[in-house]
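Quick caveat: nothing in here was measured; it's all calculated off a predicted structure. Letters A, B, ... are given to chains in the order of the sequence lines, protein chains preceding strands, and every chain is numbered from 1.
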Amino acid sequence: MELLIFYAFCVGAVVSALLMVTTKRPVRAAMSLVATMSFLAGLYALLNAHLIAVLQLIVYAGAIMVLFLFVIMLLNIEEKEGKLAKNVFFIQLAGTVVVGILMVAMVVVMNKIGAPVAGAAVDETFGTTKAVGWMLFTKYLLPFEIASVLLLAAIVGAVILAKRRIDNSKA
Amino acid sequence: MVSLNAYLMLGAVLFSIGAVGVLAHRNALIIYMCIELMLNAVNLTIVAFSRFLNSLDGHVYVFMIMTVAAAEAAVGLAILIALFRNKPTVDVDEINLSKG
């Protein structure tokens with residue numbers, strides 16, 4: 001049963017990721033990415049990472065993708081067929097070939113890694129909000145606080161970058 | 001029980017798909033999305049290792065990566081909007097102002 005669910009999520013994630021990469025329309029790519037992230041959330045749940053699975057849905061598939069869709073619709077980019085398409089095809093081909101080789105190499109290496117404690121049972125609290133929160137507020141307290149500073153800096157940076165500049169040159 | 005290798009291989013495949021997207025696309029928005037996909041693939045690898053090492057530290061790392069990804073998306077999209085004001089395009093080939 002678990003294997004069946006795993007393969008279903010696996011195929012779903014890979015197919016929607018391929019759909020994202022092969023389309024030229026940003027909205028379609030964004031919706032495919034939402035699907036990929038939802039499938040990945042399912043895989044996290046399968047790995048007993050309950051908190052991460054929910055965060056994946058809320059933060060990634062929810063917040064970040066809404067931001068993407070918002071910007072896509074704000075910029076209102078129309079479809080224009082590549083006027084710069086002179087040697088784009090060969091660049092794409094070369095990129096695909098190189099990354100294909102990289103993928104084969106990675107898969108071969110990944111296949112050789114032995115599981116440390118193959119299929120060892122984890123206790124019931126593994127991956128729950130309480131357990132992860134305990135780690136965050138004890139062992140990883142400093143990184144947690146630095147993350148909050150990072151988010152603050154990102155908020156300020158985003159507002160300053162995206163706000164309309166007041167034109168002083170006319171004065 | 002699904003083996004660790006299956007998860008790692010799925011992570012490798014998703015990462016490669018994202019890398020191809022970054023190289024093949026000229027639309028800056030889709031390139032951002034492909035970067036997000038690559039981050040997600042790495043997250044899957046970390047969560048899988050965390051599960052099979054029976055250690056929760058990996059979950060904290062994933063939490064941090066999600067924070068950085070959210071910050072990156074916000075700032076990156078803001079840069080894109082600022083860029084779009086100067087030159088109405090998201091084609092990375094046409095954004096070449098600092099090219100010597």
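Interatomic distance, B:Met64 CE to A:Phe144 CZ, rounded to the nearest 0.5 Å: 7.0 Å. Taking CZ from B:Phe63 and CE from A:Met135, the interatomic distance works out to 12.5 Å, rounded to the nearest 0.5 Å. Rounded to the nearest 0.5 angstrom, B:Ser55 OG and A:Phe126 CZ are separated by 7.0 Å. Taking CE from B:Met33 and CE from A:Met20, the interatomic distance works out to 7.5 Å, rounded to the nearest 0.5 Å.
When the candidates A:Tyr140, A:Tyr7, A:Trp134 are compared by the number of heavy-atom contacts under 4.5 Å with chain B, A:Tyr140 comes out ahead. Ranked by heavy-atom pairs under 4.5 Å with chain B, the list A:Leu136, A:Thr96, A:Leu51 is led by A:Leu136. When the candidates A:Val104, A:Leu74, A:Val71, A:Val59 are compared by the number of heavy-atom contacts under 4.5 Å with chain B, A:Val71 comes out ahead.
The environment of NZ in A:Lys163 is sparse: at most 12 heavy-atom neighbours from other residues, nucleotides or ligands sit within 6.0 Å.
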Given side-chain contact (heavy atoms from CB on, under 4.5 Å), test A:Gln92 with B:Leu23 step by step and report yes or no. CA-CA 7 Å; A:Gln92 288 179 342; B:Leu23 291 174; over 6 Å; no
Give the intermediate values and the outcome of side-chain contact (heavy atoms from CB on, under 4.5 Å) for residues A:Met106 and B:Met9. CA-CA 8 Å; A:Met106 278 202 290; B:Met9 282 193 273; over 6 Å; no
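The contact between A:Ile64 and chain B is made entirely by side chain atoms (from C-beta outward), counting heavy-atom distances below 4.5 Å. Contact of B:Ile79 with chain A is made through backbone and side chain together, with heavy-atom distances under 4.5 Å. Using a 4.5 Å cut-off between heavy atoms, B:Leu56 touches chain A through backbone and side chain atoms alike. Interface residue B:Tyr32: backbone and side-chain heavy atoms are both found under 4.5 Å from chain A.
Ring to ring, B:Tyr7 and A:Phe6 are close: their centroids are under 6.0 angstrom apart.
Paired with B:Leu77 under the rule side-chain contact (heavy atoms from CB on, under 4.5 Å), one option of A:Leu75, A:Leu67, A:Leu161 passes, and it is A:Leu67. Across B:Leu14, B:Val13, B:Leu10, a single residue satisfies side-chain contact (heavy atoms from CB on, under 4.5 Å) together with A:Cys10, and that is B:Leu10.
Counted by atom type alone, B:Asn43 and A:Gln56 present zero donor-acceptor pairs between their side chains at under 3.5 Å.
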